[in-house]
Amino acid sequence: MGVVEELITKNEAGTLDFGNYLLDSKTKKDGFQFEGASYKIKTFKEITKLEKNGALVYESVPGSTVTNFKGGNDAIEFDVEAPGDLSFTVEMEPSAEYELSVNGTSAGKIKTNVGGKLSASLELDEGSKASVKITKC
């Protein structure tokens, strides 16, 4: 999969690609326009954070590269690559239950907190990727 050299871009499928976990220092890009919204990306080896109109969309520790990111409050799908295991947080509907699938296999149900944050961890080998799908129950 590799990293996203431009930090954030719209791909041929019409979804977002963002993040570069190979960077040694924090790098930012603000004001990226996509589907009427303004996105801001901060990324490097320790963290990747994407915001939409000032609100959290995705955050991972350590940093990651995300491709084919699409979705909203009812469902999110993306592919993620990182240097190893990672924890991620996405913004969803507050106080709701979601099904998490990784590489097409159910990883269980997760509830969001009252702020709408859903957090999960993935076990990844260095440079491997996972396909993640989060759908509202």
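The structure displayed is predicted, hence computed values, not measured ones.
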Next on the checklist: Do V4 and V61 land in one hydrophobic cluster if side-chain heavy atoms of ILVMFWY residues count as linked below 4.5 Å?
Outcome noted: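 No; tracing contacts between hydrophobic side chains, which count when under 4.5 Å, never links both residues.
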Item to check | Shared hydrophobic cluster, L56 / L7 (ILVMFWY, side-chain heavy atoms < 4.5 Å) | outcome: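 L56 and L7: separate clusters.
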Is there a side-chain contact between [X] and [Y], using heavy atoms and a 4.5 Å cut-off?
| X | Y | result |
| --- | --- | --- |
| D74 | T135 | no |
| D79 | V66 | no |
| T65 | V80 | no |

Checklist entry - Say you draw a straight line from CG of L122 to CG of L86; how long is it, rounded to the nearest 0.5 Å? => result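 L122 atom CG to L86 atom CG measures 5.0 Å (nearest 0.5 Å).
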Checklist entry - Rounded to the nearest 0.5 Å, how far does CD1 of I110 lie from CD1 of I134? => result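 Between I134 CD1 and I110 CD1, I get 7.0 Å after rounding to 0.5 Å.
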Item to check | Summary of ring-ring contact (aromatic ring centres under 6.0 Å, His included) pairs that have at least one residue in residues 24-46, sequence neighbours excluded | outcome: none
Checklist outcome for this item: Contacts satisfying ring-ring contact (aromatic ring centres under 6.0 Å, His included) that involve residues 87-127 (not counting sequence neighbours) are F78-F88
Checklist entry - Can you name the residues that form a salt bridge (Lys or Arg N to Asp or Glu O under 4.0 Å) with E93, not counting sequence neighbours? => result K136
Checklist entry - Tell me the salt bridge (Lys or Arg N to Asp or Glu O under 4.0 Å) pairs involving residues 47-72, sequence neighbours left out? => result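 For residues 47-72: K49-E51, K49-E59.
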Item to check | salt bridge (Lys or Arg N to Asp or Glu O under 4.0 Å) contacts in which one or both residues fall within residues 94-108, not counting sequence neighbours | outcome: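 Of all non-adjacent pairs touching residues 94-108, none passes salt bridge (Lys or Arg N to Asp or Glu O under 4.0 Å).
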Item to check | Sequence neighbours excluded, every pair satisfying side chain to side chain donor-acceptor pair (under 3.5 Å) that has a member inside residues 111-122 | outcome: S87-S121, T89-S119, E91-K117
Item to check | Sequence neighbours excluded, every pair satisfying side chain to side chain donor-acceptor pair (under 3.5 Å) that has a member inside residues 27-36 | outcome: Q33-S38
Minimal non-hydrogen separation, [X] against [Y], with atom names:
| X | Y | answer |
| --- | --- | --- |
| G63 | A82 | O-CB, 3.9 Å |
| M92 | A75 | CE-N, 4.2 Å |
| G72 | I76 | O-CG1, 3.6 Å |

Next on the checklist: Set out, in order, the CA-CA distance, both residues' side-chain angles and the distance that settles side chain to side chain contact (heavy atoms under 4.5 Å, CB included) for V90 and V57, then state yes or no.
Outcome noted: CA-CA 5 Å; V90 291; V57 174; over 6 Å; no
Next on the checklist: Test of understanding: with side-chain contact (heavy atoms from CB on, under 4.5 Å), list the residues that count as partners of P94, not counting sequence neighbours.
Outcome noted: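 For P94 there are no side-chain contact (heavy atoms from CB on, under 4.5 Å) partners, ignoring immediate neighbours.
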Checklist entry - Do side-chain atoms of N103 reach the backbone of A130 as a donor and acceptor pair under 3.5 angstrom? => result no
Under 3.5 Å, side-chain donor or acceptor atoms of residues 14-24 against the rest of the protein: list the pairs with distances, not counting sequence neighbours.
residue	atom	partner	partner atom	Å
T15	OG1	N11	OD1	3.1
T15	OG1	N11	ND2	2.8
D17	OD1	N11	ND2	2.8
D17	OD1	N68	N	2.9
N20	OD1	L22	N	3.0
Y21	OH	E81	OE2	2.5

Item to check | Pairing residues for S64 by the side-chain hydrogen bond (donor to acceptor under 3.5 Å, both in side chains) criterion, not counting sequence neighbours | outcome: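 S64 satisfies side-chain hydrogen bond (donor to acceptor under 3.5 Å, both in side chains) with Y58, S60 once adjacent residues are dropped.
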Checklist entry - With sequence neighbours left out, what residues match S95 under side-chain hydrogen bond (donor to acceptor under 3.5 Å, both in side chains)? => result none
